[in-house]
2 protein chains.
Amino acid sequence: MQKTFTIGDLARYAAVPVETIRYYEHERLLRKPARTHGNYRLYLEADRERLSFIRYCRSLAMTLDEIRQLLRLQDAPDDTCETVNVMLDAHIDQVAIRIGDLRRLKRQLQALRDRCGLARTAKNCGILSGLNAAATLPQPSANGGDRAASTAARSKAGKPRNLRWKSSPRQVRV
Amino acid sequence: MQKTFTIGDLARYAAVPVETIRYYEHERLLRKPARTHGNYRLYLEADRERLSFIRYCRSLAMTLDEIRQLLRLQDAPDDTCETVNVMLDAHIDQVAIRIGDLRRLKRQLQALRDRCGLARTAKNCGILSGLNAAATLPQPSANGGDRAASTAARSKAGKPRNLRWKSSPRQVRV
DNA sequence: TGCACACCCTGTAGTAACTTCAGGGTCAAG
DNA sequence: CTTGACCCTGAAGTTACTACAGGGTGTGCA
């Protein structure tokens with residue numbers, strides 16, 4: 001007699017809301033489970049393992065698409081695993097780039113922070129005036145749009161780095 | 001005679017789509033401008049400056065809420081600027097935390113990558129088996145939910161770090 | 001004057017990875 | 001039977017945009 005789990009069991013096991021599990025089912029990361037007579041989902045050990053896998057990959061900041069690929073490979077053990085290598089390499093590169101972005105950002109923020117000494121009001125605020133000064137430095141021409149040879153400050157003002165991991169394709173990628 | 005700008009002028013100046021400008025107006029970061037007879041938006045130099053400010057703050061990965069606060073302060077020059085300090089400090093802390101997260105993540109990914117030597121198929125894939133092994137290590141009890149003294153691996157499997165910057169309040173914050 | 005093209009408008013919907021809400025059903029214990 | 005915990009589906013919201021649909025405006029040229 002195989003052990004079964006309700007969605008609540010699974011959720012507690014993986015420390016996620018039940019909604020997330022339903023979401024993963026909707027997104028086809030998890031299979032549609034059997035149901036009880038009362039229409040409750042009935043999960044097996046394999047489902048539990050699969051959810052753990054997904055959560056761990058999420059903890060590695062992989063997108064659901066990436067995880068889908070990995071799951072597909074797991075379900076096809078005789079396929080080549082070159083895909084995994086390529087994906088992981090790209091992933092590692094992205095993390096490295098992002099680390100660099102954040103370091104530069106931190107330095108910028110710290111420089112800005114250091115401008116605020118004894119000021120008490122907004123009109124004397126070194127940070128606000130610093131933000132204003134930086135915002136006005138890059139005066140691109142009205143016919144802008146060409147990214148060539150832009151200053152770093154202008155580049156930043158015009159293209160905020162997307163700090164959300166693996167943003168949607170519409171978001172600006174660095 | 002003051003110089004005026006269309007939305008397209010502003011968009012070119014700030015190197016953003018016109019949609020983003022309309023979005024900022026909708027989000028009350030930019031004021032509703034006057035209109036032409038043909039219902040075109042008519043912007044002034046001050047609007048242009050405000051947009052630059054917003055974009056620069058975005059480049060510093062500030063949320064729109066944070067930027068709203070700063071803009072409110074700018075519009076009230078006699079208010080205290082302590083808010084700015086506090087906000088920037090918190091922001092810097094967040095960036096530092098995120099850098100740490102990403103460095104740990106990179107190490108993890110690299111360790112995982114190093115497992116893949118000569119394997120050619122998914123069933124022999126060091127990475128996949130590594131992911132599986134890690135996913136099954138943290139076996140929390142079915143009555144989980146308590147975060148106390150969790151292992152690092154379990155913590156990661158159960159609470160993926162949100163790598164989106166300043167995620168929505170619903171997303172898990174580290 | 002008419003046409004073509006670039007630009008403008010509003011409203012709607014989509015993106016990623018969730019999360020919340022509404023409204024209702026099921027299950028088990030007292 | 002009641003109560004409370006848990007389950008269900010579908011829809012909508014979060015953040016910061018971005019794209020699309022369908023229509024209007026402005027300008028230059030033939």
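The figures that follow rest on heavy atoms only: side chains count, while hydrogens, waters and symmetry mates do not. Numbered from 1 within each chain, the chains take letters A, B, ... in sequence-line order.
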Could you tell me the separation between the NE2 atom of A/His26 and the C1' atom of C/dA16, rounded to a whole number of Å? 14 Å

Against the side chain of A/Thr63, the closest entry in C/dA17, D/dT9, C/dC8 is C/dA17

Could you state the CG-P distance from A/Leu51 to C/dC18, rounded to the nearest angstrom? 11 Å

Any luck finding a side-chain donor-acceptor pair between A/Asp65 and A/Gln69 under 3.5 Å? no

Taking only side-chain nitrogens and oxygens of B/Arg35, does any of them come within less than 4.0 Å of OP1 or OP2 of D/dT25? no

Below 4.0 angstrom, N of the basic side chain to O of the carboxylate: do A/Glu25 and A/Arg22 qualify? no

Which nucleotide in the set D/dA16, C/dT19, D/dT18 lies at the smallest distance from any side-chain heavy atom of B/Thr20? D/dT18

Quickly work out the B/Ile21 CD1 to D/dA16 C1' distance and round it to whole Å. 15 Å

Does a side-chain N-to-carboxylate-O contact under 4.0 Å join A/Arg50 and A/Asp75? yes

Measure from OH on B/Tyr43 to C1' on C/dC8 and round the result to the nearest Å. 11 Å

Using the 3.5 Å cut-off, write out each protein N or O paired with an N or O of nucleotides 26-30 of chain C and the distance between them.
unit_1	atom_1	unit_2	atom_2	d
C/dT26	O2	A/Tyr40	OH	3.0

dist B/Cys57:SG -> B/Leu64:CG (nearest 0.5 Å) comes out at 10.5 Å

Quick one, B/Ile99 and B/Arg103 - any side-chain contact, counting heavy atoms below 4.5 Å? yes

Check the distance between C/dT15's C1' and B/Tyr23's OH and give it to me in whole angstrom. 13 Å

Whole-Å distance, B/Asp65 CG to D/dC17 C1', equals 15 Å

Looking at B/Tyr24, does any N or O in its side chain come under 4.0 Å of the phosphate oxygens OP1/OP2 on D/dC17? yes

Are A/Thr6 and D/dC7 close enough that a side-chain N or O sits under 4.0 Å from OP1 or OP2? yes

Side-chain N or O of A/Arg22 less than 4.0 angstrom from OP1 or OP2 on C/dA17? no

Looking only at side-chain N and O atoms, does A/Arg41 come under 4.0 Å of OP1 or OP2 in D/dT9? yes

Atom-pair distance (CD1 on A/Ile7; C1' on C/dG25), nearest Å: 15 Å

Please report the distance, rounded to the nearest Å, between CG in B/Leu64 and P in D/dT18. 12 Å

